[in-house]
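Notes for the one structure printed next.
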Amino acid sequence: MQNFCKPVLLALSAGLLFSHATLADTLVDIYELSLNNDPTIRAAEASYRAGQEAVVLGRSGILPQIAASADYSHLDNQNVNTLLDTNRDITTDATGWGVNLSQPLFDMPAWFTFQQGKSLTGQAGAQFAADQQDLIIRVSTAYFNVLRAIDNLKASQAQEAANKRQLEQTQQRFDVGLIAITDVHEAQASYDLAVATRLGDEGNLGISIEVLSVLTGQSHSNIWLLKEDYPIENPDPAGKDEWVAFAMENNQDIKVATFARDAAESSAQSAKAVHYPTLDARLGYNDSRNDIDDGDPLDGTGRYDSNQKGSSIALSVNLPLYAGGGISASSRQAYELYNRAVELYAGTTRTTVQKTRALHIQVSTDVARTKARKQAVISSRSALDATQAGYEVGTRNIVDVLTVQQNLFSAIRDYSNTRYDYVINMLNLKQSAGTLSPQDIYDLNKWLTNPPAPTASSSGQSK
C-alpha cells in the first residue's frame with residue numbers, strides 16, 4: 001500500500017491526467033488540481049525523492065572506491081658554484097598520473113549504515129504514501145465543508161424567508177386588531193435573528209471556499225452538490241476488529257514508525273561496530289616523468305629524462321583504540337535514540353488502534369443519526385403544519401409557531417451536517433485502516449450533481 005498512488009501523482013505532476021483546469025468544480029477536479037498545486041504535497045514529493053537516495057548513500061560505503069589523479073609541476077633553480085665560478089639554471093618539468101582502487105573487505109559500520117539506508121528509503125516511501133492519503137482527507141474535508149456551508153446557508157435563507165412572511169402576516173393581523181403588539185415583536189425578533197444567522201452562514205461559505213483555494217491555487221464558484229440519495233451505510237466489514245487488523249497491516253503511520261525503528265536499530269549497531277577492526281584492499285597504478293635541464297654545457301645537451309611506472313597492492317587493517325570517549329558516547333547515544341524509536345512505534349500502534357475503533361463507532365453512529373435526523377425533518381414539518389393551523393384558528397400563539405419553525409430548520413441543518421460527517425468520517429476510517437486511495441475520490445464523485453441554475457426567487461432571498 002505504501003506506493004499505492006505514486007504512479008498517479010507522478011503522472012498528474014507531469015500534466016498527463018489533468019485537462020480541465022477551467023472547470024474545477026467537482027471533487028475529482030479539486031483533487032487533481034491539488035495534486036499539482038498544493039504546496040504540502042509538492043514538498044512531500046520532494047522529501048520522498050530525497051529519501052530515495054538514502055539507500056544509495058548507504059550502499060556506497062560497501063562498494064569499491066576509484067580515484068584518479070594527475071599532476072604537473074615546473075621548477076626553476078639556480079646553482080651557483082663560487083669555486084668553479086659557474087652559474088647554472090636548472091629547470092625540472094614533472095608530470096604524473098595514477099589510478100587507485102580501494103575495496104572494504106570487512107567494515108561492519110559501513111554494512112549497518114547500508115541497512116539503515118534501506119530502512120530510511122522505506123520510511124520515505126511510507127511517509128509519502130501517508131502524505132498522499134492526507135491530501136485526500138484534506139481535499140475531501142475542505143470540499144464537503146463547502147457543501148456543508150452551502151446547505152447551512154440554504155437553510156438560513158429559507159428560515160429568513162419564512163420568518164419574513166410570518167412577520168408580514170403578523171403585522172397584517174395586528175393592523176386589523178386580531179392580535180397584540182407582542183406577537184409582532186416576537187416575529188420581528190425571530191426575523192432579525194434569522195438575518196444574522198444568514199449573514200454568518202454567508203461568511204462561513206466564503207471562508208470554506210477560500211480553504212479550497214489554498215489547496216488548488218485557484219478560485220471556485222460552481223461546486224457540485226452531493227445527491228440526496230447518496231447511500232449512508234454501515235462500514236463493511238461490520239466488525240471493529242477486522243478494521244483494526246487492516247490498520248495493523250496497512251496503516252501508513254505504523255509503517256513509517258516501523259521503518260524509523262529499524263533505521264534507528266541499524267544506526268545503533270553501526271555506532272557499536274566502530275569498535276571493530278576494518279580491513280581494506282587497495283590497488284594502485286602510477287606513472288611519473290621528470291624532464292631535467294641542468295644547464296651544464298659540458299655534458300653535451302644538459303638535459304636528461306627519468307620515467308617511473310609501477311603498480312601496488314595493499315591490505316590495511318585499522319582498529320580504533322581510543323578516541324577520547326567519543327566512540328562509546330556515540331554508541332550510547334545511538335542506542336537511546338533506538339529506544340526512543342521503539343517507544344514511538346508502540347505509541348503509534350496504540351493510537352492507530354484506538355483511532356480506528358473510535359472512527360468505526362463514529363461512522364456507525366453517523367448512520368443511525370442520519371436516519372433519525374431525516375425522520376426528525378419529516379416530523380418537524382408535520383409539527384409546523386399542525387402548529388400553523390392551530391395559530392390560524394387561535395389555539396396556538398405566535399411563539400409556538402416560531403419555536404416549531406426554528407426546530408424545523410435546526411433539524412434540516414442537523415440532517416445535512418450529519419451526512420457530511422458520515423462522508424468525512426468514513427474516509428478517515430479508511431485512512432486509519434490504510435485502505436484509502438484515490439479511487440475513493442472517484443467513487444464519491446459519482447454521487448455529485450451539477451447545482452441547478454439560480455432562480456430569481458432564490459437569489460433574492462439572500463438580499
Side-chain angles (χ1 to χ4, degrees), residues 1-7 9-10 42-69 99-132 250-284 314-321 323-346 348-349:
M1 286 289 292
Q2 73 179 51
N3 293 322
F4 69 103
C5 53
K6 173 186 173 185
L9 178 56
L10 297 180
R42 290 167 68 94
E45 186 177 4
S47 297
Y48 166 73
R49 290 194 297 266
Q52 296 305 293
E53 303 301 329
V55 65
V56 180
L57 293 172
R59 186 169 54 236
S60 65
I62 61 176
L63 294 180
Q65 310 291 313
I66 302 175
S69 62
V99 177
N100 294 282
L101 180 147
S102 63
Q103 170 64 57
L105 299 180
F106 182 82
D107 191 334
M108 293 305 296
W111 172 255
F112 287 122
T113 298
F114 170 51
Q115 299 301 315
Q116 180 188 20
K118 291 196 294 184
S119 296
L120 290 175
T121 294
Q123 181 183 358
Q127 183 61 58
F128 187 41
D131 292 333
Q132 292 178 83
N250 300 308
N251 181 271
Q252 298 302 325
D253 290 336
I254 291 180
K255 290 184 178 181
V256 170
T258 301
F259 282 118
R261 179 199 61 192
D262 294 344
E265 182 180 16
S266 296
S267 177
Q269 291 173 324
S270 177
K272 180 180 180 181
V274 174
H275 288 288
Y276 303 162
T278 59
L279 175 63
D280 298 323
R282 293 187 176 87
L283 299 175
L315 292 175
S316 64
V317 177
N318 292 287
L319 177 62
L321 297 178
I327 296 177
S328 297
S330 296
S331 178
R332 292 193 299 270
Q333 181 186 56
Y335 267 95
E336 290 305 323
L337 291 176
Y338 167 63
N339 291 334
R340 175 180 178 271
V342 169
E343 296 302 328
L344 289 176
Y345 166 77
T348 300
T349 301

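Below, each value reflects all heavy atoms present in this structure, side chains not excepted, and no hydrogens, waters or symmetry copies.
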Donor + acceptor pair across side chains of Asn339, Glu343 (<3.5 Å)
no
I would like to know whether Glu45 and Arg49 meet salt bridge (charged side-chain N to carboxylate O under 4.0 Å, His left out); could you show each step before the answer?
CA-CA 6 Å; Glu45 186 177 4; Arg49 290 194 297 266; 3.3 Å; yes
For Asp107, all residues meeting side chain to side chain donor-acceptor pair (under 3.5 Å), sequence neighbours excluded
none
Separation between OG of Ser267 and OH of Tyr338, rounded to the nearest 0.5 Å
12.0 Å
Working to the nearest 0.5 Å, report the span between CH2 of Trp111 and CD of Gln116.
14.0 Å
Would you name the heavy atoms of Ala110 and Gly61 that are closest together and state the gap between them?
CB-O, 3.6 Å
Work out which heavy atom in Ala271 is nearest to a heavy atom in Ser331; give both atom names and the distance.
CB-CA, 3.7 Å
Output the distance between atom CD (Gln132) and atom CD (Gln252), rounded to the nearest 0.5 Å.
9.0 Å
So do the side chains of Pro320 and Ile327 get within less than 4.5 Å of each other, counting heavy atoms only?
yes
Over all atoms of both residues, closest heavy-atom pair of Gly51 and Ala124
CA-CB, 3.6 Å
Can you tell if the side chain of Ser119 reaches within under 4.5 Å of the side chain of Glu265, non-hydrogen atoms only?
no
Just verifying a value: how many Å separate Asp253 CG and Thr348 OG1, rounded to the nearest 0.5 Å?
6.5 Å
Has Gln103 got a side-chain atom pairing as donor or acceptor with Ile62's backbone, closer than 3.5 angstrom?
yes
Residues at least two apart in sequence or cross-chain that pass side chain to side chain contact (heavy atoms under 4.5 Å, CB included) with Leu63, listed by chain then number, are Arg59
Looking at residues at least two apart in the chain, or sitting in another chain, which of them share a ring pair (Phe, Tyr, Trp, His ring centres under 6.0 Å) with Tyr345?
none
Out of curiosity, Leu315 CG to Leu279 CG, how far, rounded to the nearest 0.5 Å?
6.0 Å
When you measure from the centre of the six-membered ring of Phe114, is the NZ or CZ of Lys118 closer than 6.0 Å and no more than 45° off the axis?
yes
Would you say the side-chain atoms of Thr258 pair up with the backbone N or O of Ile254, donor to acceptor, closer than 3.5 Å?
yes
Please tell me if the side chains of Asn251 and Thr349 come closer than 4.5 Å, counting only heavy atoms from C-beta onward.
no
Between Ser102 and Arg282 (side chain of the first, backbone of the second, donor and acceptor by atom type, cut-off under 3.5 Å), is there such a pair?
no
Short side-chain to backbone donor-acceptor contact, Thr121 and Gly117, under 3.5 Å:
yes
State, to 0.1 Å, how close Val342 and Arg261 come at their nearest heavy-atom pair, and which atoms those are.
CG2-CG, 3.9 Å
On a heavy-atom basis, the closest approach of Pro277 and Val317 is CB-CG1, 4.4 Å
Check whether any side-chain N or O of Ser270 sits under 3.5 Å from a backbone N or O of Ser266 as a donor-acceptor pair, and report yes or no.
no
One should read off an interatomic distance between Phe112 CZ and Lys272 NZ, to the nearest 0.5 angstrom, of 9.0 Å
Taking the side chain as every heavy atom from C-beta outward, state whether Tyr335 and Gln269 have any atom pair closer than 4.5 Å.
yes
Main chain of Ser60, side chain of Gln65: is a donor-acceptor contact present, judged purely on distance under 3.5 Å?
yes
